Amino acid sequence: MNKIDLNNKTILVTGSSGFIGSNLCKRLLDETNSKIIGLDSMNDYYDVSLKTYRLDILSKYDNYIFIKGNLADKELINKIFDEYKPEIVVNLAAQAGVRYSIDHPDDYIESNIIGFYNILEACRKIEVEHLVYASSSSVYGGNTKVPFSTDDKVDNPVSLYAATKKSNELLAHAYSKLYNIPSTGLRFFTVYGPAGRPDMAYFGFTNKLIKGETIKIFNYGNCKRDFTYVDDIVEGIIRVMGGAPEKKNGEDGLPLPPYAVYNIGNSKPENLLDFVQILCEELVNAGVLPEDYDFESHKELVPMQPGDVPVTYADTSALENDYGFKPSTSLRYGLKKFAQWYKEFYK
């Protein structure tokens with residue numbers, strides 16, 4: 001592994017006003033003296049006021065430069081790389097969501113395929129030190145062997161979103177092999193926390209419960225998710241940024257691809273019904289919902305949705321071995337932090 005000091009660098013973070021991107025930028029701005037270039041389209045896939053809220057926090061830093069634009073705009077991407085010559089690139093911009101991809105396929109091809117290709121092409125031209133990019137636990141598709149290991153075959157995506165993320169890994173591998181670009185893909189497992197994405201279950205459930213609406217619990221509550229707190233995801237990204245796959249030649253004298261993929265997950269799948277129970281308790285504790293709230297009458301158990309999988313479960317041994325890090329934040333702590341933030345933001 002090639003060690004990289006994250007100080008005195010120019011770092012490009014795409015999706016910088018997104019949930020993970022904004023948290024990553026804030027950590028880098030707090031802990032390094034690097035110049036952070038943030039790119040985000042600020043699209044309305046979900047409530048733009050949340051993105052603006054995150055952007056306002058980052059805009060207070062002198063060494064943060066924000067550019068509003070689309071990953072699929074090749075001219076803009078080339079201009080950013082020409083002007084700032086980032087040494088490290090963290091590509092978190094993507095069209096997210098499994099169910100949304102069923103009705104809006106164009107958005108996924110534009111952002112996740114064309115957009116990622118533009119990043120790879122730009123990285124090739126300036127020889128970046130390390131490209132780190134977001135993949136997803138969804139690449140494991142219909143796999144039944146758990147926990148999911150990066151050694152498992154991932155050729156059976158069950159959603160277009162998953163297929164685009166798998167294609168990112170394949171494209172990155174090709175560019176690493178052809179152009180010796182050190183690249184690391186990170187398969188994130190169900191990320192949650194304060195100021196998260198409203199399309200995620202915990203956030204959507206909260207919005208519905210407040211309005212007295214019924215929440216749908218898929219697969220009759222028999223889904224298990226490896227919920228990973230956002231601070232653990234950010235810690236994992238920062239550690240990986242500081243250690244790029246090494247450039248080496250093979251026996252034929254040609255470069256071996258400096259390429260790696262890791263899982264970042266909590267390695268502790270939680271049943272959806274238990275998850276909802278803890279969320280409800282913490283919403284009451286934070287004063288978001290009244291103590292006498294009747295949760296039972298607001299729950300509806302429904303069948304599995306297209307594109308969904310029954311369980312996600314990360315094997316993080318490779319991340320532990322190579323970077324000495326294992327996510328460990330408890331679900332109760334994470335949901336407590338979310339509930340406290342929600343109370344402050346919306347009340």
Side-chain angles (χ1 to χ4, degrees), residues 2-43 46-71 76-77 79-94 96 119 122-123 126 128-134 182-184 186 188 191-197 228-244 264 323-325 327 329 334 337-338 340-341 344-345:
N2 181 29
K3 284 264 193 276
I4 299 173
D5 182 357
L6 298 183
N7 280 298
N8 302 309
K9 297 282 186 204
T10 300
I11 301 172
L12 170 64
V13 179
T14 73
S16 61
S17 303
F19 177 32
I20 298 170
S22 59
N23 279 280
L24 173 65
C25 287
K26 188 171 187 312
R27 269 270 319 256
L28 290 169
L29 291 162
D30 283 338
E31 295 177 11
T32 74
N33 59 3
S34 287
K35 181 193 285 182
I36 311 298
I37 316 297
L39 172 71
D40 205 293
S41 69
M42 303 291 285
N43 71 21
Y46 62 77
D47 183 1
V48 179
S49 70
L50 267 169
K51 299 180 183 183
T52 307
Y53 162 80
R54 301 179 193 130
L55 180 58
D56 288 347
I57 293 169
L58 299 176
S59 297
K60 295 180 172 71
Y61 292 87
D62 291 340
N63 50 338
Y64 181 71
I65 296 164
F66 177 68
I67 297 161
K68 184 180 177 185
N70 196 319
L71 213 55
L76 174 68
I77 299 300
K79 188 167 170 264
I80 291 168
F81 274 73
D82 287 345
E83 187 173 340
Y84 296 105
K85 300 193 167 37
E87 290 134 303
I88 300 170
V89 176
V90 185
N91 186 63
L92 301 174
I119 289 289
C123 286
I126 67 161
V128 294
E129 290 178 38
H130 197 186
L131 165 64
V132 179
Y133 62 94
S183 75
T184 306
L186 300 175
F188 299 145
V191 191
Y192 75 102
R197 277 183 17 223
T228 316
Y229 190 56
V230 66
D231 289 1
D232 284 337
I233 292 284
V234 168
E235 179 65 31
I237 296 171
I238 284 177
R239 294 208 186 198
V240 168
M241 284 168 71
I264 306 187
Y323 295 95
F325 175 64
T329 304
K337 286 290 185 194
F338 165 73
Q340 289 168 345
W341 169 84
E344 200 179 310
F345 187 76

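Note that the coordinates shown come from a computational prediction; the quantities given were computed from them, not determined experimentally.
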Go through V240 and H130 one step at a time and tell me if the side chain to side chain contact (heavy atoms under 4.5 Å, CB included) criterion holds.
CA-CA 9 Å; V240 168; H130 197 186; 4.1 Å; yes
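Residues forming a side-chain contact (heavy atoms from CB on, under 4.5 Å) with R239 (at least two apart in sequence, or on another chain): E235, Y323, F325. Scanning for side-chain contact (heavy atoms from CB on, under 4.5 Å) contacts around S59 gives L55, with sequence neighbours left out. For Y229, the ring pair (Phe, Tyr, Trp, His ring centres under 6.0 Å) partners two or more places apart in sequence, or in a different chain, are Y192, Y333. Qualifying side chain to side chain donor-acceptor pair (under 3.5 Å) partners for S17, counting only residues two or more places apart in sequence or in other chains: none. The side-chain contact (heavy atoms from CB on, under 4.5 Å) search around S22 returns R54, L58, not counting sequence neighbours. Taking D47 as the reference, S49 meet the side chain to side chain donor-acceptor pair (under 3.5 Å) condition, with sequence neighbours excluded. Checked against side-chain contact (heavy atoms from CB on, under 4.5 Å), N7 has the following partners two or more places apart in sequence or in another chain: D5, T32, N33. For D30, the salt bridge (charged side-chain N to carboxylate O under 4.0 Å, His left out) partners two or more places apart in sequence, or in a different chain, are K26. Under the side chain to side chain donor-acceptor pair (under 3.5 Å) criterion, S41 pairs with no residue at all, not counting sequence neighbours. In this view, N63 satisfies the side chain to side chain donor-acceptor pair (under 3.5 Å) rule with no residue, not counting sequence neighbours.
With contacts defined as side-chain heavy-atom distances shorter than 4.5 Å, the pair L76/I67 qualifies. Side-chain contact check for D231 versus R27: every heavy-atom pair is 4.5 Å or farther apart. Contact annotation: the side chain of N23 never approaches that of I233 to less than 4.5 Å [non-hydrogen atoms, C-beta and beyond]. The closest side-chain heavy-atom distance from F188 to I237 is below 4.5 Å. Within the 4.5 Å cutoff, no side-chain heavy atoms of Y61 are placed close to those of C25. Side-chain contact between I77 and I119: present, with at least one pair of heavy atoms (C-beta onward) separated by less than 4.5 Å. Taking the side chain as every heavy atom from C-beta outward, M241 and L24 approach each other to under 4.5 Å. Two residues are said to be in side-chain contact when any heavy atoms from C-beta on lie closer than 4.5 Å; P86 and I126 meet this criterion.
Here I11 contributes atom CD1 and S16 contributes atom OG; the two are 13.0 Å apart, rounded to the nearest 0.5 Å. One distance of note links CG of L28 with OH of Y64; it measures 11.0 Å at 0.5 Å rounding. Taking OH of Y46 as the start and CZ of F19 as the end, the distance is 8.5 Å to the nearest 0.5 Å. Here the straight-line distance linking atom CG of D62 with atom NZ of K60 works out to 12.5 Å at 0.5 Å rounding. With values rounded to the nearest 0.5 angstrom, I36 atom CD1 is found 5.0 Å from L29 atom CG. The CZ atom of F66 sits 7.0 Å away from the CG atom of L39 when rounded to the nearest 0.5 Å.
When all heavy atoms of V128 and P182 are compared, the closest pair comes out as O-CD, 3.8 Å. Scanning all heavy atoms of the two residues, the minimum distance from P327 to I264 falls at CG-CG2, 3.9 Å. Residues G15 and A93 share a closest heavy-atom pair of N-CB, 3.4 Å.
Residues in residues 8-18 take part in these salt bridge (charged side-chain N to carboxylate O under 4.0 Å, His left out) pairs, two or more places apart or across chains: K9-E129. Applying the side-chain hydrogen bond (donor to acceptor under 3.5 Å, both in side chains) test to residues at least two apart or on different chains, the pairs with a partner in residues 80-91 are T14-N91.
Side-chain atoms of T329 do not come within 3.5 Å of backbone N or O of G334 as any donor-acceptor pair. K51 places a side-chain N or O within 3.5 Å of a backbone atom of N43 that can act as its donor or acceptor partner.
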